[in-house]
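A short write-up of the structure that comes next.
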Number of protein chains: 2
Amino acid sequence: MPNAMSLSPHLRSQGVPKKIAKGCFLFGSGEKAEGFYYLLAGEVRAFSMDEQGREVEVVRLKAGDFLGEAVALAGGVYPVHAQAVRDSRVLYFDRRRVLSGLSREPEAARFFVELLARKCLVLNQRIEALGLRTVRQRIVQYLLGRCSGGGACLVELSGRKSELARRLGTIPETLSRNLRQMQEDGLIEVRGRRIRILDCPRLRAALVRGK
Amino acid sequence: MPNAMSLSPHLRSQGVPKKIAKGCFLFGSGEKAEGFYYLLAGEVRAFSMDEQGREVEVVRLKAGDFLGEAVALAGGVYPVHAQAVRDSRVLYFDRRRVLSGLSREPEAARFFVELLARKCLVLNQRIEALGLRTVRQRIVQYLLGRCSGGGACLVELSGRKSELARRLGTIPETLSRNLRQMQEDGLIEVRGRRIRILDCPRLRAALVRGK
DNA sequence: TTCCGAGGTTGACCTAGGTCAAGGATTTCC
DNA sequence: GGAAATCCTTGACCTAGGTCAACCTCGGAA
C-alpha cells in the first residue's frame, strides 16, 4: 500500500539510513520484528512461499512506503520475506526506540496513529473488495479506485498483469478474459499495461448491479 | 474484531460514558467521524445497506471492542451504520481530544499505536484468508484459528451461520453444504452452532493441500 | 537478423459454488 | 404453550472461473 505520507524531518532523523543492494534481504519470514523500514529510494518486494516453495509476491514497495511497521509495532514476527529488487536506500526504525520515543515525541505519536489508522481503512476496503462476487466487479472497483472520476481516464498498471490478477484474488487467464470482455463491451480499452476507461459512469453502474 | 485489550484507568477516564438504548444508533454511514466508541457492555452491530436497501451486517461488537477508532483517528467518514442491539454502555472518545491528548499522554499514544498495529495484522490475516481458493479452505482456516490446537476441541460460533458465511465470503447454502461434507469426511461434528473438531491434524493438512 | 524466454492470450473442459425454490428447524414474542 | 418469523438445510440447476495446454508477442542477447 502506498502511504503517501511524508516523514517529518524530526521523525526522519530517528531513522537509521541503510543501503540495501539489489537482491539483499531486509528480513525473512518468521523472524521476530524488531524494527521496520521506510523506503527512501529503490524497490522492494515482499513475498511468501507457498507449500511447494514457490514464491508468491504479496506486495511491492516503492519510495515513500513503509515496510513492516504494523508487525513491528504490534510486536509480532514478519509474515513474509522482503528483498530489494533494486539497489535501495531505506531508513530503519527500531521498534523499541520508536515505541518509547512516542512518550517524548507527540509529533511521532500522532504520525504513527494516523498512519496506522489510515492503513486500517485501506485494508478494510480491500476486504470489502475481495468480498465482491465476480472477478469483473473486482476489476471494476480496482479501476474506479484509481481513476479521477471524470469522463475518460487512463490507468497505468504498476506491475505485471499476473500480479494484478493475484491481488484481485484470481489468476492471469481469468483477468485476461475479463479485460477482453469489458473491452468488447466498450467499457475500457486495453493497450499493454495501459487501460483507458471509456465509460466511467457505465463502469460504476456495473459495479452496483453486481453484473 | 475482538480486541481483548483493556483500557488503562487513565485512558478510560478520558472517555465519556454513555448509555445507548436498544435500537438506538451510535452513528450512521456517511457521517463525519468525530469520535469513536469503546463498548463496556451490551452489543452493537455495524451494518451497511446494499443497493436495494437491504441491511448487510458487517461486524458485531461486544464488550471490550472498539468501534470506529480507525476511521475516527484517520479522519474519515463512517462507512457503516452502528446500532445497539441491546441496551449498552459505551465510552465515547472525541477524536480531536484523543489526537491532541497523544501529546500529553505517552501511555495513550502507545496504547493506540499498538491497538491499531494489531488491528492491521488481523485485517491482513483476513485478506490472506479471503485469498484462499475454496470455501472449504476458508472454513478450515477459520476453525483452526479458534481452536487451541490440541487433539479435539470445540468451537462455538458467536453469531448466526449466515453471518459466518458472509464473513467467509460466501453464502449460507454453501457454508451449510461444506460443513455437512466435512462432517461426512469425519473432520468435524456440527451440532447447532457448536462445531467439534475431531481431527485437528487432518484438518490442518486439508488447508495446505488446497483441497 | 534470429533465437530464446517470460509474460500474455486463447481454447476446451470441468467443478466449485451461486441462485432459486421448497421444506425443516429454531427463535422470538405474545 | 403456540403461532409467526427467522434461520437453516437440501435439491436441482447453471454459470463463473479455475486448470491444463497450446500458442502468440515482445524485448533482450548473440
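Chain identifiers are assigned alphabetically (A, B, ...) following the order of the sequence lines, protein sequences preceding nucleic acid strands; residue numbering begins at 1 within each chain.
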In this structure, how many angstroms lie between the [atom2] atom of [N] and the [atom1] atom of [X], rounded?
| X | N | atom1 | atom2 | value |
| --- | --- | --- | --- | --- |
| Ile195(B) | dC8(D) | CD1 | P | 11 Å |
| Leu132(B) | dG17(D) | CG | P | 18 Å |
| Ile171(B) | dA21(C) | CD1 | C1' | 13 Å |
| Glu184(A) | dT9(C) | CD | P | 13 Å |
| Arg166(A) | dG7(C) | CZ | P | 13 Å |
| Leu164(B) | dT9(D) | CG | C1' | 15 Å |
| Arg133(B) | dT19(D) | CZ | C1' | 12 Å |
| Leu175(A) | dT19(D) | CG | C1' | 16 Å |

When you check the phosphate oxygens OP1 and OP2 of [N], does a side-chain N or O of [X] lie under 4.0 Å from one of them?
| X | N | value |
| --- | --- | --- |
| Arg180(B) | dT10(D) | yes |
| Thr170(B) | dG17(C) | no |
| Lys161(B) | dT26(C) | no |

Exercise for the section: Applying salt bridge (charged side-chain N to carboxylate O under 4.0 Å, His left out) between Glu156(A) and each of Arg196(A), Arg146(A), Arg193(A), Arg194(A), report the one that passes. Expected result: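 One option only clears the test, and that one is Arg194(A).
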Problem - Parallel, tilted or perpendicular: ring planes of Phe93(B) versus Phe66(B), cut at 30 and 60 degrees - result: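 Tilted.
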Exercise for the section: Using a 4.5 Å cut-off on heavy atoms from C-beta on, say whether the side chain of Leu203(A) contacts that of Met182(A). Expected result: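 The answer is yes, as the side chains (C-beta and beyond) meet within the 4.5 Å cut-off.
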Problem - Any donor-acceptor pair under 3.5 Å from Tyr37(A) side chain to Leu26(A) backbone - result: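 Checking the backbone N and O of Leu26(A) against the side chain of Tyr37(A), a donor-acceptor pair under 3.5 Å is found.
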I want to verify a distance call: between [options], whose nearest atom is closest to the [X] side chain?
| X | options | result |
| --- | --- | --- |
| Arg160(B) | dG8(C), dC7(D), dG17(D) | dC7(D) |
| Ser162(B) | dC8(D), dG17(D), dT9(D) | dC8(D) |
| Glu173(B) | dG17(C), dA21(C), dT10(C) | dA21(C) |
| Arg177(A) | dT10(D), dG17(C), dA12(C) | dA12(C) |

Practice task
Report the residue (Thr174(A) or Asn178(B)) whose heavy-atom-nearest nucleotide on DNA chain C is the more 5′ of the two.
Solution key: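 The residue mapped nearer the 5' terminus is Thr174(A).
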Side chains of residues 74-88 of chain A: which donor-acceptor pairs under 3.5 Å do they make with residues two or more places apart or in other chains?
residue  : atom : partner  : partner atom : Å
Tyr78(A) : OH   : Gly35(A) : O            : 2.5
His81(A) : ND1  : Ser29(A) : N            : 3.2
Gln83(A) : OE1  : Arg45(A) : NE           : 3.4
Gln83(A) : OE1  : Arg45(A) : NH2          : 3.4
Gln83(A) : NE2  : Gly23(A) : O            : 2.9
Arg86(A) : NE   : Glu43(A) : OE1          : 3.0
Arg86(A) : NH2  : Glu43(A) : OE1          : 2.9
Asp87(A) : OD1  : Lys22(A) : N            : 2.7
Ser88(A) : OG   : Glu43(A) : N            : 3.1
Ser88(A) : OG   : Glu43(A) : O            : 3.4
Ser88(A) : OG   : Arg86(A) : O            : 2.7

Handout entry: Arg177(B) with Glu173(B): basic N within carboxylate O range, under 4.0 Å
Key =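 Salt bridge absent between Arg177(B) and Glu173(B).
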Practice task
Please determine if Glu184(B) and Arg180(B) form a salt bridge, counting it only when a charged side-chain N lies under 4.0 Å from a carboxylate O.
Solution key: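 The answer is yes: the pair qualifies as a salt bridge.
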Handout entry: Angle by which the axis turns from one end of the helix from dT1(C)-dA30(D) to dG23(C)-dC8(D) to the other, five pairs per end, to 10 degrees
Key =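 What I find for the helix from dT1(C)-dA30(D) to dG23(C)-dC8(D) is an axis angle of 40°.
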